[in-house]
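Here the structure is laid out as structure tokens; the discussion comes afterwards.
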Amino acid sequence: MQSPPFHLRAKSLLFGLLLCMQGFFLQAQEMSFEEYNPPSTLVVPQNPMKRAKFPFIDIHSHQWNVSQETVNRLVREMDEINMAVMVNLSGRGRGATGDIDGQEYMFSMIRRFNGVAPGRFIVFTNLSFREFGSAGWIEKAVADLEKDVQNGANGLKIYKSLGLSTKDIHGNRVPIDHPDLDPVWKKCGELGIPVIIHAADPAPFWQPMDANNERWLELKLNPGRKRSDTDPAPFSQIIAEQHHVFRKHPKTTFINAHMGWMANDLDKASAHLDQYPNVYFGIGAVIAEFGRQPKRARKFFIDYQDRILFAKDAYVKEEFYTYFRVLETEDEYFPYYKKYHAFWAMYGLGLPDDVLKKVYYKNAIKIIPNIDRSRFPD
């Protein structure tokens, strides 16, 4: 049997080579959304920040089991970034429902902070929902709150578990506006301490996990964060419960943590502050929303400069740099630090100094007791 002519063999070989090359290039172009993260080629002025222009108060931090070594490290890092005061919201520890020894845990923490670094830390207490719904729970909760304040707590932090996973003694979800909590909110007003309350999660956690969901990557990496109208309740219902509390207790000061998940809709956020004069916004974990709408966000910060508080949430020193850069500079198109929160670039708001001072410390001093004012310029 004769071999094919040379020119046919050459064509066949060339065709095979082209197929291999095509396969190689196709494979080289295949990558996941997580992997695709090219550095920008945009040439614009760069003003990276590692220190805030003014001393600031972080009103949303979480620290646990603080040793002298931990406090010393925190103070060193706080000095580096110009954080004058840190507000630790986890006074009774990580638990959101239990804490038999929660009070002693908190008293020990306050003594440690004040003994090692007086004036640098403010502690908020937390509610124990153990045996919620039983006889005597209300009286005990109010008495514990009074004792906590007497022993150095300067506010109350409500974890997002209320409204999501906290259950009463019968196994029912406890809504944020449960009437048994009214005496607690009222007592906070009488004691002159603010309540910082985290309600629900971002609305996309309740939406279909598909190509139209901005939080798709976060839900892929953390599937336990996915919610639904029956797990445990609709987003709108949980948020409405929180707003009902604000409305029922106008003499109590509330800090709506994470801007109540309204940082992506500043018209709604504006209407919220207009409706509830007893409410302030903490900007923890939502700086990326401002960074993608710098013109509208700048106007919002100027219009509501007396109602916005600097907040970070999870404490990572290097992540503060992005907050400073968004708030203080007019830089364009710089990266965020956590792709699953924001796959878009940031732009600076370039806030005026008088607005920065209010956001960084003046508003917090106004509503949180016992902050050392000598640590701030005016």
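- Atoms CG and NE2, from Leu162 and His178 in turn, are 10.0 Å apart once rounded to the nearest 0.5 Å.
- Shortest non-hydrogen contact noted between Phe254 and His249 is CE1-O, 3.7 Å.
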Between Arg325 and Gln46, is a side chain to side chain contact (heavy atoms under 4.5 Å, CB included) present by the stated rule, with each step listed?
-> CA-CA 10 Å; Arg325 196 172 181 183; Gln46 300 286 326; 2.5 Å; yes
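- Each of Ile196, Leu156, Ile158 was checked for a side chain to side chain contact (heavy atoms under 4.5 Å, CB included) with Leu89, and the lone residue meeting it is Ile196.
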When you look at Phe56 and Phe324, which way does the ring pair (Phe, Tyr, Trp, His ring centres under 6.0 Å) test go after all the steps?
-> CA-CA 11 Å; Phe56 70 95; Phe324 306 152; 5.4 Å; yes
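- Between Phe320 and Tyr323, the angle of the ring planes lies from 30° to 60°, which puts this pair in the tilted group.
- Put simply, the side chain of Arg298 gets close to the backbone of Gly350: a donor and an acceptor are under 3.5 Å apart.
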Could you walk me through whether Asp231 and Lys226 pass the side chain to side chain contact (heavy atoms under 4.5 Å, CB included) test, one step at a time?
-> CA-CA 9 Å; Asp231 180 19; Lys226 185 72 178 72; over 6 Å; no
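- Residues Asn47 and Glu328 are not in side-chain contact: their nearest non-hydrogen atoms beyond the backbone lie 4.5 Å or more apart.
- Summarising the geometry of Pro294 relative to Gly291, their closest heavy-atom pair is CD-O, 4.1 Å, with the distance given to 0.1 Å.
- For the pair Tyr315/His62, no side-chain contact is recorded, criterion being any heavy-atom separation below 4.5 Å from C-beta on.
- Under a 3.5 Å cut-off, the side chain of Thr322 and the backbone N or O of Tyr336 do not form any donor-acceptor pair.
- At distances below 3.5 Å, at least one donor-acceptor pair connects side-chain atoms of Arg120 with backbone N or O atoms of Ala84.
- Although no hydrogens or angles enter the test, the distance criterion places a donor-acceptor pair under 3.5 Å between the side chain of Lys339 and the main chain of Phe33.
- What you find for Gly163 and Arg173 is that their closest heavy atoms are O-NH1, 2.9 Å.
- Within the 4.5 Å cutoff, the side chain of Phe301 has heavy atoms near those of the Val359 side chain.
- Atom CE of Met83 sits about 6.5 Å away from atom OG of Ser61, to the nearest 0.5 Å.
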List the steps, then state whether side chain to side chain contact (heavy atoms under 4.5 Å, CB included) holds for Phe300 with Phe281.
-> CA-CA 12 Å; Phe300 176 81; Phe281 277 148; 4.0 Å; yes
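- When the side chains of ILVMFWY residues are joined at heavy-atom separations under 4.5 Å, either directly or via intervening members, Val316 and Leu74 end up in two distinct hydrophobic clusters.
- Under a hydrophobic-cluster definition in which Ile, Leu, Val, Met, Phe, Trp and Tyr are linked whenever side-chain heavy atoms come within less than 4.5 Å, directly or via other members, Tyr340 and Met346 are assigned to the same cluster.
- Using modelled atom types, no side-chain atom of Ser108 and backbone atom of Glu104 make a donor-acceptor pair closer than 3.5 Å.
- Looking at Asp79 and Val75, their side chains come closer than 4.5 Å, going by heavy atoms from C-beta outward.
- Distance check: Ile371 CD1 to Ile57 CD1 gives 4.0 Å after rounding to the nearest 0.5 Å.
- Taking a cutoff of 4.0 Å between a charged side-chain nitrogen and a carboxylate oxygen, Asp144 and Lys140 qualify as a salt bridge.
- Minimum heavy-atom separation, Ala364 to Ile59: CB-CG2, 3.8 Å.
- Both Phe121 and Val66 belong to a single network of hydrophobic side chains, linked directly or stepwise wherever heavy atoms of I, L, V, M, F, W or Y lie under 4.5 Å apart.
- Judged by distance alone, the side chain of Glu218 and the main-chain N or O of Arg215 form no donor-acceptor pair under 3.5 Å.
- Under the 6.0 Å distance and 45° angle rule, Lys357 counts as a cation-pi partner of Phe54.
- In this structure, Glu318 places its CD atom where more than 12 heavy-atom neighbours from other residues, nucleotides or ligands lie under 6.0 Å away.
- Considering only heavy atoms from C-beta on, Tyr361 stays 4.5 Å or farther from Arg375 through its side chain.
- Aromatic ring pairs are classed by plane angle as parallel below 30°, tilted from 30° to 60° and perpendicular above 60°; the pair His198 and His258 is perpendicular.
- Once rounded to the nearest 0.5 Å, the distance linking CZ of Phe290 with CG of Asn264 reads 10.0 Å.
- Using a distance-only test at 3.5 Å, with no hydrogens or angles considered, no donor-acceptor pair links the side chain of Asn82 to the main chain of Arg51.
- Asp168 has its side chain out of reach of Asp180: every pair of non-hydrogen atoms, C-beta onward, lies at least 4.5 Å apart.
- Rounding to the nearest 0.5 Å gives a distance of 11.5 Å between OH of Tyr304 and NE2 of His272.
- Closest of all the heavy-atom pairs between Trp206 and Ala200 is CH2-CB, 3.9 Å.
- Under a 3.5 Å cut-off, the side chain of Lys317 and the backbone N or O of Glu319 do not form any donor-acceptor pair.
- Annotation: side chain of Phe129 is in contact with side chain of Leu181 (closest heavy-atom distance under 4.5 Å).
- Met49 and Met78 fall within a single hydrophobic cluster, where Ile, Leu, Val, Met, Phe, Trp and Tyr side chains are chained together by heavy-atom contacts under 4.5 Å.
- For Lys268, the NZ atom is loosely surrounded, since the number of other residues' heavy atoms within 6.0 Å does not exceed 12.
- Within the 4.5 Å cutoff, side-chain heavy atoms of Gln242 are placed close to those of Asn256.
- In this structure, CG on Asp58 lies 12.5 Å from CD1 on Ile122, to the nearest 0.5 angstrom.
- Linking Ile, Leu, Val, Met, Phe, Trp and Tyr residues whenever their side-chain heavy atoms come within less than 4.5 Å places Leu221 and Met209 in a single cluster.
- Salt-bridge formation is not detected for the pair Lys362/Asp306: no Lys NZ or Arg NE/NH1/NH2 atom is positioned less than 4.0 Å from an Asp or Glu carboxylate oxygen.
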Working for side chain to side chain contact (heavy atoms under 4.5 Å, CB included), residues Trp185 and Phe246 | CA-CA 9 Å; Trp185 314 135; Phe246 298 159; over 6 Å; no
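- Shortest non-hydrogen contact noted between Ile368 and Pro194 is CG1-CG, 4.0 Å.
- Lys248 NZ: more than 12 foreign heavy atoms inside a 6.0 Å radius.
- No side-chain donor-acceptor contact under 3.5 Å links Arg92 to the backbone of Leu127.
- Remark: Glu330 CD is loosely packed, at most 12 non-hydrogen atoms of other residues, nucleotides or ligands lying under 6.0 Å away.
- For the side chain to side chain contact (heavy atoms under 4.5 Å, CB included) test with Arg307, the passing option among Asn363, Asp274, Leu273 is Leu273; the others fail.
- Within 6.0 Å of the NZ atom in Lys186, the count of heavy atoms belonging to other residues, nucleotides or ligands does not exceed 12.
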